[in-house]
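Below: one structure, written as structure tokens.
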2 protein chains.
Amino acid sequence: MIAPGTYDALRNELATRHDELSKRLKQIAEYALENPNDMALETVSAIAARAKVQPSSLIRFAKAFGYTGFSEMQKVFRSHLVENGSNYKERIRSLSRDNARQSNSSSVVLDDFIDGGIAALNNLRHVVSPEKLEQAVETLANADVIYLTAQKRAFPIASYLAYALAQLDKRCVLIDGNGGMFFEQARSIRKGDVLLAISFKSYASEVVQLVKETKNKDIPIVSISDGVLSPLAQHSDVCLEVEEVEVHAFRSLAASMTLALTLVVALGRALDQES
Amino acid sequence: MIAPGTYDALRNELATRHDELSKRLKQIAEYALENPNDMALETVSAIAARAKVQPSSLIRFAKAFGYTGFSEMQKVFRSHLVENGSNYKERIRSLSRDNARQSNSSSVVLDDFIDGGIAALNNLRHVVSPEKLEQAVETLANADVIYLTAQKRAFPIASYLAYALAQLDKRCVLIDGNGGMFFEQARSIRKGDVLLAISFKSYASEVVQLVKETKNKDIPIVSISDGVLSPLAQHSDVCLEVEEVEVHAFRSLAASMTLALTLVVALGRALDQES
DNA sequence: CCTTTTATAGAATTTATATTCCATTTGCGT
DNA sequence: ACGCAAATGGAATATAAATTCTATAAAAGG
């Protein structure tokens with residue numbers, strides 16, 4: 001007897017062997033299928049109480065399916081919970097393990113980044129709250145001029161936003177620090193405008209400083225950054241969070257780019273509706 | 001002191017009080033925000049090991065935020081895990097409903113772009129030939145200076161490449177046309193250098209022209225473009241093809257960015273092996 | 001209807017996990 | 001440089017949880 005290692009395999013096993021199970025084990029199987037979250041998170045005695053069985057029955061149940069004990073079976077339920085939810089890090093972790101095995105061909109590197117990018121995109125679904133996104137779009141839609149700023153790794157995103165916003169005939173200014181005029185370029189921001197700042201750790205000091213200063217002028221700030229600890233998050237009216245995956249010691253921009261593009265298209269729709 | 005009862009409240013508390021926290025507590029806060037799943041599922045000692053702290057620090061951490069112990073705080077992380085999973089399922093359901101009737105909510109747009117990005121990335125795996133990739137890497141590795149050029153939609157990629165190559169201490173020049181000096185910037189290309197050009201349809205004329213001119217000077221050219229019909233493909237020594245998916249009349253850059261990043265990392269490895 | 005086998009309940013035990021406590025270190029103000 | 005307060009590490013302890021064991025109860029077979 002071999003114990004199912006995945007949630008789906010276990011589910012399947014529970015279903016097919018359901019008939020041959022004893023009364024109490026049937027009862028537990030039904031409970032397990034209906035309450036997988038309990039199986040994943042509660043203690044043996046808590047589950048036993050809820051399913052109206054003895055704790056020992058749960059252990060017998062687990063052993064009947066080939067596990068050494070209940071805890072081992074619980075791991076299967078737990079990993080399911082994680083896969084379903086926001087966790088894509090496990091996949092990445094296994095990815096980096098694989099990386100350890102001397103992957104020196106370029107196409108292996110490409111595969112790793114593709115996997116990482118897909119994981120980051122999937123994750124984006126979970127971490128971006130629809131409300132924040134809506135709020136960001138609305139703020140930008142009401143802007144007279146959108147000022148864009150980013151430096152270093154985040155700069156390509158601002159640069160892309162400048163291009164895409166121009167396609168929408170939305171007025172925007174890219175504060176790129178060209179000619180050492182970072183703050184000078186920002187000086188023309190005024191009431192009615194909005195600052196869209198993008199920065200990831202380690203946060204470029206100019207961008208952080210500009211955000212603070214602009215906040216003091218009562219200009220609305222929308223930001224794209226990486227987590228609540230970001231200094232941008234603290235000073236922004238809306239902060240959209242992205243978490244890029246690190247593969248081979250480099251972070252991609254796939255997810256951030258996708259979010260930026262979404263912002264543009266959603267903004268375009270909002271503007272269309274107005275007119 | 002009142003302990004946050006929800007994940008969002010806790011996150012918020014972690015962010016706002018992050019500054020006033022002691023060294024070890026900061027460390028734990030950061031780990032918790034980056035690995036909420038671990039916080040939800042692992043044991044105190046397992047988390048302690050991963051976050052490189054003592055188990056007792058985790059208990060102090062929980063108490064610092066008003067909980068009676070770590071277990072109480074863990075409940076918050078656990079309930080988030082459950083809610084997150086079910087929310088996601090509901091969202092998928094409501095999304096497919098909305099999609100049928102052309103919903104215009106921003107998060108639907110986001111989902112479309114995420115799906116599009118994933119499709120483009122998967123496609124990338126098939127269309128990029130390992131040989132070409134290897135050849136591109138080799139050509140770039142042998143370059144004295146890498147000249148980068150792109151305009152319009154492709155420009156962010158060149159801009160990102162410039163940033164990433166600098167990280168590798170690989171000499172590069174970004175021909176961005178700033179100050180109307182597009183061709184002037186390119187004038188200093190000489191034997192031993194390589195031109196890396198990126199352009200998608202409709203191909204920016206400057207870039208195409210520059211590629212042609214540079215080809216005549218017998219400078220190797222590596223390009224990233226979209227299909228064999230690209231004028232870049234014809235004049236390049238190696239042309240890496242990417243096909244971005246068009247969603248809502250806009251093309252993402254997720255796949256192209258991923259390819260660009262791959263090129264950088266593979267190049268980095270090639271350079272390491274040389275030395 | 002009795003015997004044998006299998007399943008079950010519940011207490012007892014073992015194992016693992018969280019928490020506390022205190023000696024030591026670190027940081028800070030004087 | 002000194003003393004004080006806060007923070008930390010790590011062993012010791014307490015708590016909780018999983019698992020085993022056994023007497024009892026239910027089925028199954030003759």
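Just so it is clear: chains get the letters A, B, ... in the order the sequence lines come, proteins before strands, and each one is counted from 1. A quick note: this is a predicted structure, and the numbers were derived from the prediction, not measured.
Residues from residues 33-51 of chain A placing a heavy atom under 4.0 Å of any atom in DNA chain D, listed by number, are A/T43, A/V44, A/S45.
For A/K63 and C/dT8, the NZ to P distance is 15 Å, given to the nearest whole Å. Between A/R60 atom CZ and D/dT19 atom P there is a gap of 14 Å when expressed in whole angstrom units. Between the C1' atom of D/dA12 and the CD atom of B/Q54 lies a distance of 14 Å, rounded to the nearest Å. The nearest whole Å value for the distance from the CD1 atom in A/I28 to the C1' atom in C/dA7 is 12 Å. When the C1' atom of D/dA27 is taken as reference, atom NZ of A/K23 falls 11 Å away, rounded to whole Å. Between the CE atom of B/M73 and the P atom of C/dT19 there is a distance of 11 Å, rounded to whole Å. Taking atom CG on A/L58 and atom C1' on C/dG10, their separation rounds to 14 Å, with Å as the unit. To the nearest angstrom, P of C/dT19 lies 14 Å from CZ of B/F61.
Residues A/Q209 and A/S205 bring no donor and acceptor atom of their side chains to less than 3.5 Å of each other. Under the 3.5 Å distance criterion, with hydrogens and angles disregarded, no donor-acceptor pair is assigned to the side chains of A/S225 and A/E241.
Cation-pi contact between A/R17 and A/F65: present, with separation from the ring centre below 6.0 Å and deviation from the ring axis of at most 45°.
With distances taken from any side-chain atom of B/S71 to the nucleotides D/dT8, C/dT19, D/dT19, the minimum falls on C/dT19. Among the nucleotides D/dG10, D/dT8, D/dT19, the one closest to the side chain of A/P55 is D/dT19. Here the side chain of B/I59 is nearest to one of D/dA18, D/dG10, C/dT19, namely C/dT19. Of all nucleotides listed (D/dT8, C/dG10, C/dC21), D/dT8 comes nearest to the side chain of B/S22.
In this structure A/F155 satisfies the ring-ring contact (aromatic ring centres under 6.0 Å, His included) test with no other residue, sequence neighbours excluded.
Between A/K201 and B/E34 there is a salt bridge, with a side-chain nitrogen of the basic residue lying less than 4.0 Å from a carboxylate oxygen of the acidic one.
Closest heavy-atom contact between A/L41 and A/R78: O-NH2, 4.2 Å.
B/K26 comes within 4.0 angstrom of no nucleic acid atom, judged by non-hydrogen atoms across all strands.
Using a 4.5 Å cut-off on side-chain heavy atoms (C-beta onward), A/R251 and A/V245 make no contact.
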